[in-house]
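In this text, all values refer to a predicted model and were calculated from it rather than measured experimentally. Counting starts at 1 for both ligands and their atoms, in listed order.
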Amino acid sequence: MNLIVLGPQGSGKGTQARLLVSKLGLVYLEMGEVLRELASKKTPLGEKIASFQSQGKLVTDEIITEVLKSFLTEENFKKGILFDGFPRTFPQAGLLEDELKNHQVKIDRVIFLNISFQESLRRLKARRICPTCGANYNLVTMPPKNGELCDQCGSQLIARSDETDEVIKERLAVYQKETLPLIEAYRQKGILLEVNGGQPVAAIHLEILKNLGS
Ligand code: AMP
């Protein structure tokens, strides 16, 4: 089975994607994270990606195509792939469709975790990561036990560099302009599974599994 998980920033895509990947034995492509890893390297490509990410802008389709092609192997398709945060635009959806055709596979369902703009903003502002061990927290929905210190290693938590007010607004604007219309197109195609992302994590997971027939 091949799945796409889409939704505004802060809708819990990563959390639900990880649960599905482990439950269904899928291979996971978390586009934002793959790009962040590339951006952390001091190469010309890394610096280019970092500059898009720091402004909340989408990286170019050329870069996305590179990442995608290295990932779409026969071996990964045999297991099934979960695409998280990709495709986000019509051209990206076209790129994916062409590649899928080449491998004679298709996307089975597009899971849409829906939360309001206000909720997305509230959750993003509360997101923290540990600079030492990489653990993720949310001061509203998944707070650390002790102030803003990491439960696992005790380091002071920080906000991601693309989670300042200005960059958050830009990322949400890009989502509304580019990704929402694509989500509607998947709805028209009859493969969209829309879930209320305001529910508890476990309830969302169960609702998705029930609808996938798993
Ligand atoms: P995310 O953490 O998924 O919101 O992604 C963080 C940043 O990575 C975005 O603001 C973009 O700069 C970049 N990015 C992630 N996914 C994509 C994509 N499908 N297309 C272009 N840029 C992306």
Side-chain angles (χ1 to χ4, degrees), residues 2-18 20-21 27-41 43 45-72 81-100 107 110-115 117 119-131 134-138 141-142 158-183 185-186 197:
N2 298 301
L3 301 172
I4 295 175
V5 181
L6 293 176
Q9 283 80 2
S11 59
K13 290 192 298 288
T15 305
Q16 291 300 328
R18 281 185 188 82
L20 286 171
V21 161
V27 180
Y28 186 26
L29 175 57
E30 185 181 10
M31 189 58 90
E33 193 53 38
V34 172
L35 293 170
R36 266 189 293 283
E37 261 175 53
L38 289 171
S40 70
K41 302 197 172 109
T43 59
L45 175 66
E47 279 164 15
K48 206 167 158 191
I49 295 173
S51 124
F52 285 112
Q53 287 193 321
S54 67
Q55 298 172 66
K57 305 223 182 289
L58 293 180
V59 310
T60 60
D61 286 349
E62 202 186 342
I63 297 173
I64 292 291
T65 307
E66 287 275 301
V67 173
L68 192 64
K69 286 207 166 151
S70 68
F71 196 82
L72 299 185
I81 302 178
L82 187 149
F83 299 91
D84 171 355
F86 170 85
R88 294 193 191 193
T89 63
F90 281 105
Q92 288 185 8
L95 280 176
L96 179 62
E97 201 155 305
D98 291 347
E99 289 296 324
L100 293 176
I107 294 296
V110 178
I111 299 160
F112 172 30
L113 293 173
N114 198 1
I115 56 170
F117 181 83
E119 180 61 12
S120 188
L121 208 55
R122 191 175 78 96
R123 289 187 186 184
L124 278 193
K125 285 186 175 178
R127 234 148 63 163
R128 297 289 182 275
I129 55 165
C130 173
N136 287 291
Y137 298 89
N138 187 295
T141 55
M142 215 184 356
I158 55 167
R160 242 166 61 180
S161 60
D162 63 349
E163 295 193 335
T164 59
D165 283 6
E166 203 182 318
V167 182
I168 286 174
K169 284 207 183 104
E170 175 63 22
R171 287 165 69 206
L172 288 174
V174 170
Y175 167 77
Q176 290 194 319
K177 181 162 171 266
E178 308 276 355
T179 311
L180 262 183
L182 177 64
I183 290 174
Y186 284 128

Query raised in the report: Charged N to carboxylate O below 4.0 Å: is that the case for E33 and R36?
Result: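 Result for this pair is yes, salt bridge flagged.
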Query raised in the report: Has the side chain of K41 got a donor or acceptor atom that lies under 3.5 Å from a matching backbone atom of G46?
Result: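 Such a contact is absent between K41 side chain and G46 backbone.
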Requested in this report: May I ask you to decide if D162's main-chain N or O and R171's side chain share a donor-acceptor pair within less than 3.5 Å?
Outcome: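 Here the side-chain-to-backbone pair exists.
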So [Y] and [X], do their side chains get closer than 4.5 Å, heavy atoms only?
| X | Y | answer |
| --- | --- | --- |
| L95 | E99 | no |
| V167 | S54 | no |
| V67 | L38 | yes |

Query raised in the report: Roughly how far apart are L180 CG and R88 CZ, rounded to 0.5 Å?
Result: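 L180 atom CG to R88 atom CZ measures 12.5 Å (nearest 0.5 Å).
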Requested in this report: Using heavy-atom distances, let me know which of Q9, R36, K57 sits nearest atom 2 (O) of ligand 1.
Outcome: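 The residue whose heavy atom sits nearest atom 2 (O) of ligand 1 is R36.
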Requested in this report: Return the option from Q92, Q55, R88 holding the heavy atom at the smallest distance from atom 20 (N) of ligand 1.
Outcome: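 That would be Q92.
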Run the numbers for me: atoms of ligand 1, each under 4.0 Å from some heavy atom of [X], listed by number.
| X | answer |
| --- | --- |
| M31 | 16 (N), 17 (C), 19 (N) |
| I64 | 18 (C), 20 (N), 21 (C) |
| V59 | 21 (C), 22 (N) |

Requested in this report: Step through the shown structure and confirm whether more than 12 heavy atoms of other residues, nucleotides or ligands are within 6.0 Å of CD on Q55.
Outcome: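 More than 12 heavy atoms, drawn from other residues, nucleotides or ligands, come within 6.0 Å of this atom.
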Return the residue, atom name and 0.1 Å-rounded distance of the protein heavy atom closest to [atom].
| atom | result |
| --- | --- |
| atom 14 (N) of ligand 1 | L35 CD1, 3.4 Å |
| atom 4 (O) of ligand 1 | R171 NH2, 2.8 Å |
| atom 7 (C) of ligand 1 | Q53 NE2, 3.5 Å |

Query raised in the report: ligand 1 and L58, any nitrogen or oxygen pair closer than 3.5 angstrom?
Result: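 No; every N/O pair is 3.5 Å or more apart.
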Report task. For ligand 1, find out whether one of its N or O atoms is nearer than 3.5 Å to an N or O atom of D162. Result ->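 Checking ligand 1 against D162, no N or O pair falls under 3.5 Å apart.
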Requested in this report: Check E33 against ligand 1 and report side chain, backbone, both or neither, counting heavy atoms closer than 4.0 Å.
Outcome: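 Neither; no heavy atom under 4.0 Å.
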